[in-house]
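Everything on this sheet refers to the single structure shown next.
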2 protein chains.
Amino acid sequence: MKHAELAEKECAIARTWAVIGERWTMMVLRELFRGSHRFEEIQAKLQTGRNVLADRLQQLEADGVIERRQYQDRPVRHEYHLTQKGEDLYPLLLAMLRWGNTYTVDEPPLRLRHKSCRHVVEPRMVCDSCGEELQRRDLRAQFSENAW
Amino acid sequence: MKHAELAEKECAIARTWAVIGERWTMMVLRELFRGSHRFEEIQAKLQTGRNVLADRLQQLEADGVIERRQYQDRPVRHEYHLTQKGEDLYPLLLAMLRWGNTYTVDEPPLRLRHKSCRHVVEPRMVCDSCGEELQRRDLRAQFSENAW
DNA sequence: CAGTATCCTCGAGGATACTG
DNA sequence: CAGTATCCTCGAGGATACTG
């Protein structure tokens with residue numbers, strides 16, 4: 001199965017993976033969330049091939065995750081910004097950050113401080129209805145009949 | 001940069017990606033969370049090469065995300081189960097599920113119902129200290145000096 | 001049934017030169 | 001500075017036969 005075919009499965013996780021699942025895509029998103037918006041800036045940081053970066057940016061734009069904004073006329077130059085659809089990937093990044101800080105490093109290279117309550121944040125997944133932290137055993141999966 | 005080199009970066013997201021970022025790895029995890037535990041079962045569902053699946057399972061075991069449990073003697077047969085470290089990837093799956101349900105499908109192929117409050121769950125990321133939903137703009141990033 | 005071994009394909013990623 | 005174009009490498013993934 002080719003990477004793009006995941007987008008055709010009746011599965012939200014597979015389809016999400018089709019958007020973000022290529023190696024450099026997630027690293028590009030990390031840079032965008034961090035505040036890098038220009039090609040050279042991202043390329044210098046990630047040390048990836050220019051063609052690879054150009055391709056990933058085009059794909060993310062095609063998927064509606066980022067948009068290009070022209071900031072200069074001659075020559076034409078663009079910045080890359082997350083759309084709302086892109087911003088909504090933030091919880092996913094938070095989940096990776098938390099897991100990574102817990103299991104893959106000694107000292108967390110990045111901590112997030114909540115401006116309002118001033119605490120270092122450990123992001124938690126809760127139910128939007130009752131506010132309880134979500135445990136797998138408390139959830140009942142309901143698949144539609146054509147689900148993958 | 002090779003995939004495995006991401007594990008050496010001083011970045012929790014890159015290191016997490018080194019564990020879960022290969023194409024079939026996430027699909028294998030999805031099956032495990034769904035309750036599939038046997039090789040044939042997973043292979044039949046994902047339609048992936050047997051060698052690829054065997055390799056991914058070995059890697060996940062080496063990373064401490066799953067463990068093999070012998071359930072039969074002759075011939076020796078194992079089931080694959082998530083460890084606590086693996087279970088802790090659940091928020092990440094939830095984040096992908098929510099985003100995918102919102103942006104990539106018409107009708108969600110999978111919904112999760114919270115047994116306690118009986119509502120269909122929309123998972124939300126909140127601050128563990130104050131309980132407020134986490135927005136990127138409310139967080140201040142603090143990098144250690146050697147962070148990638 | 002649960003893998004291992006072997007061989008193959010193809011495309012993601014890398015390197016570099018070039019352009020306005 | 002921000003790409004595009006071109007060519008190349010290597011490894012992830014696929015297919016299949018085989019084993020206890």
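Letters go in sequence order (proteins before strands), and every chain restarts at 1.
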Surrounding NE2 of B:His119 (heavy atoms of other residues, nucleotides or ligands, distance under 6.0 Å), is the total greater than 12?
no

Suppose the criterion is salt bridge (charged side-chain N to carboxylate O under 4.0 Å, His left out): which pairs have a residue in residues 6-15 of chain B, not counting sequence neighbours?
B:Glu10-B:Arg15

Go through it in stages, so that I can follow the logic: the residues are A:Val121 and B:Leu134, the test is side chain to side chain contact (heavy atoms under 4.5 Å, CB included), and I'd like the CA-CA distance, side-chain angles, deciding distance and then a yes or no.
CA-CA 9 Å; A:Val121 166; B:Leu134 290 170; 3.7 Å; yes

Residue pair B:Arg113, A:Leu139: steps toward the side chain to side chain contact (heavy atoms under 4.5 Å, CB included) verdict
CA-CA 5 Å; B:Arg113 192 170 290 274; A:Leu139 296 168; over 6 Å; no

Could A:Glu40 and A:Lys45 be called an ion pair, given the rule that one side-chain N must be under 4.0 Å from one carboxylate O?
no

For DNA chain D, find the residues of residues 35-44 of chain A with a heavy-atom distance under 4.0 Å and give them by number; none if there aren't any.
A:Arg38, A:Phe39, A:Glu40

Does a side-chain N or O from B:Gln58 land closer than 4.0 Å to OP1 or OP2 of C:dT4, or not?
yes

Comparing A:Leu57 and B:Val52 on DNA chain D - which has the more 5′ nearest nucleotide
A:Leu57

B:Arg69 and B:Glu67 ion-paired at < 4.0 Å:
yes

How long is the line joining CD1 of A:Ile66 and C1' of D:dA2, in whole Å?
14 Å

Of residues 22-34 of chain B, the positions that come close to DNA chain D - non-hydrogen atoms, cut-off under 4.0 Å:
B:Glu22, B:Arg23, B:Trp24

Passes side chain to side chain contact (heavy atoms under 4.5 Å, CB included), A:Arg30 versus B:Trp17? Steps please.
CA-CA 11 Å; A:Arg30 195 200 67 160; B:Trp17 201 244; over 6 Å; no

Could you go through the side-chain hydrogen bond (donor to acceptor under 3.5 Å, both in side chains) check for A:Asp55 and A:Gln59 one step at a time?
CA-CA 6 Å; A:Asp55 185 81; A:Gln59 193 56 52; over 6 Å; no

Distance under 6.0 Å and angle within 45° of the ring axis: does A:Arg38 meet both against A:Tyr71?
yes

Give the rounded distance in Å between these two atoms: CD of B:Gln59 and C1' of D:dA12.
13 Å

Closest non-hydrogen atom pair between A:Lys85 and A:Gly64, with its separation:
CB-O, 3.6 Å

What I want to check is whether the side chains of B:His81 and B:Glu79 have a donor and an acceptor closer together than 3.5 Å.
yes

Side chain to side chain contact (heavy atoms under 4.5 Å, CB included) assessment of A:Val76 paired with A:Gln70:
CA-CA 7 Å; A:Val76 175; A:Gln70 189 170 334; 3.8 Å; yes

For B:Arg68 and C:dG3, what is the distance between atoms CZ and C1' respectively, to the nearest whole Å?
10 Å

Separation between CD of B:Gln135 and OG of A:Ser116, rounded to the nearest 0.5 Å
10.5 Å

When the distance from NE2 of B:His3 to P of D:dG11 is rounded to whole Å, what number comes out?
13 Å

For a quick test of reading the model, state the closest non-hydrogen atom pair linking A:Leu110 to B:Ala141 and the distance between them.
CD1-CB, 3.7 Å

Look at the side chain of A:Arg50 and decide which nucleotide, out of C:dA2, D:dG14, D:dT4, has an atom nearest to it.
D:dT4

Where each residue is assigned the nucleotide of DNA chain D containing its nearest heavy atom, which of A:His78 and B:Gly49 is assigned the position nearer the 5′ end?
A:His78

Measure the distance from CG on A:Leu53 to C1' on D:dC1 and round it to the nearest whole Å.
13 Å

Please work out which residues in residues 5-18 of chain B have a non-hydrogen atom less than 4.0 Å from an atom of DNA chain D and list them by number.
none

Dot-bracket for DNA chain C, 5' to 3', counting Watson-Crick or G-U wobble pairs under 3.5 Å, with [ ] for crossing pairs and | for inter-strand pairs?
||||||||||||||||||||

Rounded to whole Å, please give me the gap between CD in B:Gln72 and P in C:dA2.
8 Å

For nucleotides 6-10 of chain C, which of its nitrogen or oxygen atoms have a protein nitrogen or oxygen under 3.5 Å away, and what is each distance?
{"unit_1": "C:dT6", "atom_1": "O4", "unit_2": "B:Asn51", "atom_2": "ND2", "d": "3.3"}

Interatomic distance, A:Gln70 CD vs D:dA2 P [rounded to whole Å]:
13 Å

Under 4.0 Å between a side-chain N or O of B:Tyr71 and OP1 or OP2 of C:dA2?
yes

In terms of relative ring orientation, are A:Phe33 and A:Tyr90 parallel, tilted or perpendicular, with 30° and 60° separating the classes?
tilted

Expressed in angstrom and rounded to an integer, what is the separation of B:Met1 atom CE from C:dA12 atom P?
18 Å

side-chain N/O A:Tyr80 vs D:dA2 OP1/OP2, d < 4.0 Å
no

Could you report the tightest heavy-atom contact between B:Met96 and A:Leu92, atom names first, then the distance?
CG-CD1, 3.5 Å

Working to the nearest 0.5 angstrom, can you tell me the gap between B:Leu82 CG and B:Ile66 CD1?
7.5 Å

